[in-house]
Protein chains: 2
Amino acid sequence: MTSRTPAGETPTGVVRADGLRSPVGHADVPARPGREIPEATVARLPVYLRALTALVDGGTATCSSEELAGAAGVNSAKLRKDLSYLGSYGTRGVGYDVDYLRYQIAREIGLTHDWPVVIVGIGNLGHALANYSGFRSRGFRVVALLDAATTRHEELVAGLEVRPFDELEDIVGTQSVAIGVIATPAVAAQDVADRMVAAGITSILNFAPTVLSVPDGVDVRKVDLSIELQILAYHEQRKTGQLPTEGASA
Amino acid sequence: MTSRTPAGETPTGVVRADGLRSPVGHADVPARPGREIPEATVARLPVYLRALTALVDGGTATCSSEELAGAAGVNSAKLRKDLSYLGSYGTRGVGYDVDYLRYQIAREIGLTHDWPVVIVGIGNLGHALANYSGFRSRGFRVVALLDAATTRHEELVAGLEVRPFDELEDIVGTQSVAIGVIATPAVAAQDVADRMVAAGITSILNFAPTVLSVPDGVDVRKVDLSIELQILAYHEQRKTGQLPTEGASA
DNA sequence: AGGAGTTTGTGAACGGGAGAACAAACTGAG
DNA sequence: CTCAGTTTGTTCTCCCGTTCACAAACTCCT
Ligand SMILES: NC(=O)c1ccc[n+]([C@@H]2O[C@H](COP(=O)([O-])OP(=O)(O)OC[C@H]3O[C@@H](n4cnc5c(N)ncnc54)[C@H](O)[C@@H]3O)[C@@H](O)[C@H]2O)c1
Ligand SMILES: NC(=O)c1ccc[n+]([C@@H]2O[C@H](COP(=O)([O-])OP(=O)(O)OC[C@H]3O[C@@H](n4cnc5c(N)ncnc54)[C@H](O)[C@@H]3O)[C@@H](O)[C@H]2O)c1
């Protein structure tokens with residue numbers, strides 16, 4: 001029962017069971033108090049979304065902030081404050097309607113429709129990404145796999161044919177692609193990013209270990225495996241008593 | 001005379017050219033005042049390290065905080081403050097000795113020796129990780145690839161044989177592995193984490209889209225592709241003017 | 001209906017990090 | 001030696017995010 005919506009059903013018709021003075025379903029948005037969502041909150045919304053989906057799949061209809069916070073691995077006060085930026089979607093004394101809240105978060109993030117995505121650099125990592133089913137199930141659709149090496153071309157990966165990198169502009173233009181993924185070697189990453197931006201892409205997820213420079217208005221997020229490991233190593237070193245200044249192991 | 005190496009460059013022979021009051025003799029460092037490096041700084045040190053390595057490879061011997069900050073994509077004041085937590089490794093009016101600073105950061109992070117790492121779950125992503133050369137070059141050595149599926153066993157990946165998951169305890173014990181990588185499906189991730197912890201692993205890098213619960217003293221970092229994409233989607237939605245509340249025209 | 005119990009939403013205190021600004025320290029020329 | 005120029009290390013202020021704590025709002029039982 002995924003499409004069951006409480007009270008008022010439609011996605012567009014905001015329910016407003018409560019009579020709060022707060023931001024009701026006004027079309028007027030300019031200075032709406034609840035609309036400036038802090039970046040830290042935005043980063044947690046996907047986590048809540050995932051936890052809610054798990055609850056829905058488990059058949060839970062309602063949950064308290066305490067339960068949901070537990071499932072998401074955060075403090076319950078933080079969860080409530082985060083959700084309060086979206087509006088008042090809970091009921092005091094009761095909790096949150098799981099399916100309703102899930103839809104509200106999905107709408108806020110912009111997952112009510114699928115986002116087309118291109119992946120550039122179909123090597124080790126690119127293959128794994130292309131085969132990753134979590135893309136599709138979480139609101140993203142890989143529409144093209146591009147690589148500069150001709151030896152990669154025409155290869156079928158996850159049902160898609162690897163295409164020459166030069167087709168980037170064409171694909172981005174015709175399919176209105178806004179999000180690009182870079183999985184090329186580091187030396188090529190800046191060039192690829194430049195081409196992406198020129199083609200009209202405005203959001204980039206970068207796996208190459210390089211600092212990208214892009215114009216204003218373009219968002220870049222990086223996923224850097226080595227950095228994560230190095231952060232772990234730093235703390236690990238402290239745990240084991242092997243402090244940095246010790247090292248005269250000779 | 002720019003490329004003067006402060007006092008010897010060997011990784012094992014710790015330099016100590018500075019006459020810091022630091023606790024050389026003692027491995028025991030319970031309450032050291034100046035050594036509490038903020039988490040945000042720790043997360044940036046690997047970026048600086050990478051930028052410095054690029055400078056060394058490019059033949060640069062000295063650089064200012066401005067230059068280095070540019071290469072790392074941060075504010076120069078922030079860079080200087082970050083470095084100040086490690087000590088005074090720069091020279092006023094001159095800048096930083098690239099190679100010396102690089103070694104100091106590597107030492108602080110704990111990269112003067114390699115860290116053994118095990119990867120569990122050798123599917124799409126696990127293969128890519130195993131083949132990733134950036135591991136080795138940044139201070140990490142993959143010592144074992146483990147998978148529960150017998151069909152995967154004995155397969156050679158990047159020169160390593162995939163071993164049964166049951167060998168985890170043995171490998172961790174004999175090779176003193178402190179860091180584990182989880183690349184299994186989400187449903188298996190918590191079980192794998194529990195086994196890792198029981199085997200003695202105290203740092204986990206988790207690629208499965210799940211919240212892991214671990215005892216105190218165990219660090220977990222997650223890499224979550226879907227979350228990154230969803231954050232991008234949120235901002236993308238705002239750019240295109242497609243605000244979430246559009247539709248409430250009533 | 002009323003009161004006890006529960007849970008949300010938010011005001012307020014608190015802590016940490018970012019950035020600006022500046023004194024201290026070094027170099028090099030005269 | 002002195003002075004001008006350069007760059008670090010640090011202090012100070014502001015802002016964002018976290019957490020506590022509690023009134024408001026709802027349910028349920030008597
Ligand atoms: N493999 C991993 O697990 C892993 C982990 C973390 C980060 N990374 C990073 O991800 C990137 C890719 O890693 P990989 O292991 O897949 O490397 P890879 O060499 O296997 O694949 C890179 C692909 O990019 C293509 N390419 C090169 N230049 C290009 C260009 N200008 N335009 C388009 N395509 C181009 C190559 O033809 C190749 O197919 C690297 O930057 C790596 O550091 C990889
Ligand atoms: N493929 C990607 O690009 C990608 C991206 C982001 C996140 N992820 C996540 O990474 C994980 C792995 O993704 P994948 O595409 O490689 O999946 P996969 O199904 O290809 O590989 C999973 C592997 O884990 C093994 N496994 C299952 N249960 C196990 C257990 N209990 N102990 C040990 N091994 C076990 C399986 O035998 C299989 O080889 C998933 O959680 C996925 O959501 C993958």
Side-chain angles (χ1 to χ4, degrees), chain A residues 6-7 15-24 32-45 47-48 52 60-98 100-101 104-105 231, chain B residues 1-2 4 6 17-20 33-45 47-48 52 60-70 72-98 100-101 104-105 231:
Chain A
V15 176
R16 303 286 89 190
D18 54 59
L20 276 184
R21 63 206 149 97
S22 77
V24 187
R32 195 118 63 99
R35 281 300 142 176
E36 280 306 310
I37 301 185
E39 196 55 35
T41 296
V42 171
R44 282 188 295 266
L45 290 180
V47 181
Y48 303 153
L52 287 166
T60 308
T62 302
C63 73
S64 68
S65 65
E66 204 76 43
E67 293 172 272
L68 185 53
V74 301
N75 185 301
S76 70
K78 196 192 305 193
L79 170 77
R80 287 198 300 276
K81 176 149 284 191
D82 282 343
L83 294 184
S84 75
Y85 292 114
L86 314 188
S88 284
Y89 294 137
T91 308
R92 300 181 183 206
V94 179
Y96 300 91
D97 180 293
V98 174
Y100 179 52
L101 180 59
Q104 293 301 334
I105 293 179
I231 295 172
Chain B
M1 54 104 122
T2 30
R4 177 182 159 277
D18 53 53
L20 276 183
R35 286 288 154 178
E36 281 306 312
I37 301 185
E39 196 54 34
T41 296
V42 171
R44 282 188 294 269
L45 289 181
V47 180
Y48 304 152
L52 287 166
T60 308
T62 302
C63 72
S64 68
S65 65
E66 204 77 42
E67 292 171 272
L68 185 54
V74 302
N75 184 301
S76 71
K78 198 192 307 193
L79 170 77
R80 287 198 300 276
K81 182 178 284 191
D82 283 343
L83 295 184
S84 76
Y85 290 115
L86 314 188
S88 285
Y89 294 137
T91 308
R92 300 180 183 203
V94 178
Y96 299 92
D97 180 291
V98 174
Y100 180 51
L101 181 59
Q104 292 301 334
I105 293 180
I231 295 171

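Chain A is the first sequence line, chain B the second, and so forth, proteins listed ahead of strands; every chain is numbered from 1.
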Quick one: which residue pairs count as a salt bridge (Lys or Arg N to Asp or Glu O under 4.0 Å) with a foot in residues 81-91 of chain A, not counting sequence neighbours? A:Arg44-A:Asp82
Just the rounded figure in Å: distance from P of C:dG9 to CG of A:Asp82. 12 Å
For the helix from C:dA1-D:dT30 to C:dG30-D:dC1, figure out the bend between the end axes, five pairs an end, and round to 10 degrees. 0°
Whole-Å distance separating the CD atom of A:Glu66 from the C1' atom of C:dT8: 12 Å
Does a side-chain N or O from A:Tyr96 land closer than 4.0 Å to OP1 or OP2 of D:dC26, or not? no
Find out whether A:Tyr96 and A:Leu52 are in side-chain contact, i.e. whether some heavy atom of one side chain is under 4.5 Å from a heavy atom of the other. no
Value in whole Å for how far the C1' atom of D:dC16 lies from CZ of A:Arg44: 11 Å
Atom-to-atom span, CD1 of B:Ile37 to C1' of C:dG16 - whole angstrom: 16 Å
Rounded to whole Å, how long is the line connecting atom CG of A:Leu86 with atom C1' of C:dT8? 14 Å
With side chains defined as the heavy atoms from C-beta onward, is the minimum distance between B:Leu83 and B:Ile105 less than 4.5 Å? yes
For A:Ser64 and for B:Glu39, find the nucleotide of DNA chain C with the closest heavy atom, then tell me which residue's nucleotide is more 5'. A:Ser64
Sort out for me which residue in B:Thr41, B:Val42, B:Leu45 forms a side-chain contact (heavy atoms from CB on, under 4.5 Å) with B:Tyr85. B:Thr41
In this structure, how many angstroms lie between the P atom of C:dT6 and the CD atom of A:Glu67, rounded? 14 Å
Is the closest side-chain heavy-atom distance between B:Leu79 and B:Tyr48 below 4.5 Å? yes
Grab the CG-P distance between A:Leu79 and D:dT18 for me, whole Å please. 12 Å
Whole Å only: how far is the CG atom of B:Leu83 from the C1' atom of D:dT8? 10 Å
Protein proximity profile, nucleotides 19-29 of chain C - base contact B, sugar-phosphate-only contact S, no contact -, cut-off 4.0 Å on heavy atoms: BBB--BBBS--
Below 4.0 Å: OP1/OP2 of C:dT8 and any side-chain N or O of A:Ser65: yes
Side-chain polar contacts of residues 65-74 of chain A - donor-acceptor pairs under 3.5 angstrom, sequence neighbours left out - could you list them?
| from | atom 1 | to | atom 2 | distance (Å) |
| --- | --- | --- | --- | --- |
| A:Ser65 | OG | A:Arg80 | NH1 | 3.0 |
| A:Glu67 | OE1 | A:Ser64 | N | 2.9 |
| A:Glu67 | OE1 | A:Ser64 | OG | 3.3 |

